[in-house]
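Everything on this sheet refers to the single structure shown next.
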Number of protein chains: 2
Amino acid sequence: MKYIDKLRISGLRPTKQRIQICEVLFNTEKTFHFTINELEQKIRNKKGNKISLATVYNTVHAFEKNGYLKRIPLNSNQTYFDTNVTNHHHFYDLKEEKLIDLENSDVGPISIKRKINGKKIKSVEVLVKLED
Amino acid sequence: MKYIDKLRISGLRPTKQRIQICEVLFNTEKTFHFTINELEQKIRNKKGNKISLATVYNTVHAFEKNGYLKRIPLNSNQTYFDTNVTNHHHFYDLKEEKLIDLENSDVGPISIKRKINGKKIKSVEVLVKLED
DNA sequence: AGTGTAGTTTATAATGGTTCTAAATAAGTG
DNA sequence: CACTTATTTAGAACCATTATAAACTACACT
């Protein structure tokens with residue numbers, strides 16, 4: 001099982017639940033965005049069984065901490081996650097309330113000319129809001 | 001009173017509460033970031049009286065709709081607003097959990113090379129996360 | 001294989017920011 | 001002043017998320 005090593009490397013025991021969540025999140029051709037609730041639905045549909053909501057939260061947070069998932073900065077009542085952890089940006093369609101990936105090559109280089117003493121830049125994220 | 005006209009122009013009746021909120025938000029040299037709770041505290045301290053939390057929410061949302069305030073896209077359990085409604089970007093200090101303004105001139109021009117059919121760009125917002 | 005320990009899952013409760021409700025109050029209009 | 005409509009308010013409701021604590025499971029060690 002390919003996910004067992006992935007989990008072990010991060011010090012996470014390869015439990016049935018975590019492997020199932022891996023299969024839903026990472027066994028796809030395309031990366032995607034999701035909320036915790038959407039993920040829980042997806043697990044229920046794809047695997048035909050249910051994983052406790054608390055476990056879904058725990059697992060997603062563990063995956064985020066280990067760099068397998070990214071949180072998308074966005075104003076919403078729900079938190080959006082992204083299975084695409086490479087450097088990239090997002091369109092946000094205000095009408096449809098949908099996120100669309102912007103490949104890194106879709107956005108020109110961004111230069112930040114200001115420095116803050118003692119701090120270094122961890123990430124630069126661009127959100128492009130779309131209207132009709 | 002300078003805020004009465006501002007309110008009237010937007011079709012908002014210039015009530016005592018709205019004027020007091022204007023004074024706290026806009027009667028300052030520098031713009032600033034705030035959450036609803038911080039604003040409510042500030043009103044209590046500066047004006048010595050209290051405005052119902054519901055009214056603070058209503059007013060901030062009304063001001064946002066009329067372009068007097070901007071919501072900052074950021075992952076947080078609380079919503080952050082900005083009294084600086086000009087085009088600009090933000091640092092987010094992960095350790096201190098603090099926002100810092102980036103002047104527009106601090107960020108080089110950003111070119112978005114991809115188009116979405118039927119949609120136009122409303123805004124481009126950059127969030128630069130800082131770590132130690 | 002059996003045992004012990006630490007990690008994990010789970011249902012459920014608690015938390016906390018935000019929104020809703022409906023009654024009281026205030027502003028604008030004639 | 002009388003009337004209509006907007007606004008304020010306290011409190012309830014909502015809902016995503018986090019905490020709790022008991023049951024369960026993985027794993028290391030004999």
Side-chain angles (χ1 to χ4, degrees), chain A residues 1 3-25 33-44 47 49-66 68-69 71-81 97 99, chain B residues 1 3-25 33-44 47 49-66 68-69 71-81 97 99:
Chain A
M1 311 295 225
Y3 298 119
I4 290 179
D5 291 339
K6 180 172 186 159
L7 290 167
R8 264 196 232 283
I9 287 166
S10 305
L12 298 170
R13 289 190 181 170
T15 62
K16 183 162 52 81
Q17 291 86 345
R18 284 177 178 158
I19 292 169
Q20 287 187 351
I21 293 174
C22 278
E23 284 165 353
V24 171
L25 288 178
H33 312 120
F34 65 91
T35 63
I36 298 285
N37 271 298
E38 288 167 2
L39 178 56
E40 210 240 346
Q41 279 304 312
K42 211 167 199 166
I43 294 162
R44 216 189 283 260
K47 318 297 292 184
N49 60 0
K50 128 179 210 309
I51 295 177
S52 160
L53 192 57
T55 301
V56 180
Y57 272 99
N58 289 340
T59 304
V60 166
H61 291 159
F63 287 2
E64 183 196 8
K65 191 175 295 174
N66 286 285
Y68 302 142
L69 290 173
R71 205 177 278 246
I72 304 170
L74 181 70
N75 279 113
S76 169
N77 50 332
Q78 291 173 86
T79 302
Y80 277 81
F81 291 92
E97 297 187 7
L99 282 163
Chain B
M1 310 295 228
Y3 298 120
I4 290 179
D5 290 339
K6 180 172 183 158
L7 290 166
R8 263 196 233 283
I9 286 165
S10 304
L12 298 169
R13 288 186 182 173
T15 63
K16 182 161 54 80
Q17 290 87 345
R18 284 178 178 157
I19 291 168
Q20 288 187 351
I21 293 175
C22 277
E23 283 164 353
V24 172
L25 289 178
H33 312 120
F34 65 92
T35 63
I36 297 284
N37 272 298
E38 288 167 0
L39 178 57
E40 210 240 347
Q41 280 304 312
K42 212 167 201 167
I43 293 162
R44 218 189 282 258
K47 318 296 293 184
N49 60 0
K50 131 178 209 309
I51 294 176
S52 161
L53 193 57
T55 301
V56 180
Y57 271 99
N58 289 340
T59 304
V60 165
H61 291 160
F63 286 1
E64 184 195 9
K65 191 175 297 175
N66 286 284
Y68 301 142
L69 290 173
R71 203 178 280 244
I72 303 170
L74 180 70
N75 279 114
S76 170
N77 51 332
Q78 292 172 86
T79 302
Y80 277 81
F81 291 91
E97 298 187 8
L99 282 163

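Protein chains get the first letters and strands the later ones, always in sequence-line order, with residue 1 at the start of each. Every heavy atom of this structure was used, including side-chain atoms; hydrogens, water molecules and symmetry mates were not.
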Does [X] have any side chain to side chain donor-acceptor pair (under 3.5 Å) partners at least two apart in sequence or in another chain, and if so, which?
X        : result
Ser76(B) : none
Glu64(B) : Arg71(B)
Ser52(A) : none
Arg13(B) : none

Completion exercise
Residue set satisfying salt bridge (Lys or Arg N to Asp or Glu O under 4.0 Å) with Arg44(A), at least two apart, ordered chain then number -> Glu40(A)
Handout entry: Residues in salt bridge (Lys or Arg N to Asp or Glu O under 4.0 Å) contact with Lys47(B), at least two apart in sequence or another chain
Key = Glu23(B)
Fill in the blank from the handout: Note: for Leu12(B) and Leu53(B) on DNA chain D, the residue whose nearest nucleotide lies more 5' is Leu12(B)
Find the distance [X]:[atom1] to [N]:[atom2] and express it as a whole number of Å.
X        : N       : atom1 : atom2 : answer
Phe34(B) : dG17(C) : CZ    : P     : 16 Å
Asn75(B) : dG17(C) : CG    : C1'   : 15 Å
Glu40(B) : dG17(C) : CD    : P     : 11 Å
Asn77(A) : dT18(C) : CG    : C1'   : 9 Å

Exercise for the section: Taking ring pair (Phe, Tyr, Trp, His ring centres under 6.0 Å) as the test, write out the residues that go with Tyr80(A), two or more places apart. Expected result: none
Exercise for the section: Just jot down the ring pair (Phe, Tyr, Trp, His ring centres under 6.0 Å) partners of Tyr3(A), sequence neighbours excluded, or say none. Expected result: none
Handout entry: Difference in axis direction between the ends of the helix from dA1(C)-dT30(D) to dG30(C)-dC1(D), five pairs, 10°
Key = 30°
Handout entry: Test: Lys42(A) cationic atom under 6.0 Å from Phe34(A) six-membered ring centre, within 45° of axis
Key = no
Under 4.5 Å between any side-chain heavy atoms of [X] and [Y], yes or no?
X        : Y        : answer
Leu25(A) : Leu39(A) : yes
Leu74(A) : Pro73(B) : no
Lys16(B) : Gln20(B) : yes

Handout entry: Name of the residue among Ile51(B), Asn49(B), Val56(B), Asn58(B) meeting side-chain contact (heavy atoms from CB on, under 4.5 Å) with Gln17(B)
Key = Ile51(B)
Handout entry: Per-nucleotide protein contact string for nucleotides 20-30 of chain C (B base, S sugar-phosphate only, - none; heavy atom under 4.0 Å)
Key = B------BS--
Practice task
Would you please confirm or rule out a distance under 4.0 Å between OP1 or OP2 of dA11(C) and any side-chain N or O of Lys50(A)?
Solution key: yes
Fill in the blank from the handout: Here the residues of residues 55-63 of chain A within 4.0 Å heavy-atom distance, strictly under, of DNA chain D are Tyr57(A), His61(A)
Practice task
Hey, which sits more toward the 5' end of DNA chain C by its nearest nucleotide, Thr79(B) or Ser52(A)?
Solution key: Ser52(A)
Completion exercise
So the contacted stretch of DNA chain D, first to last nucleotide with an atom under 4.0 Å from a non-hydrogen atom of chain A, runs from dA16(D) to dC27(D)
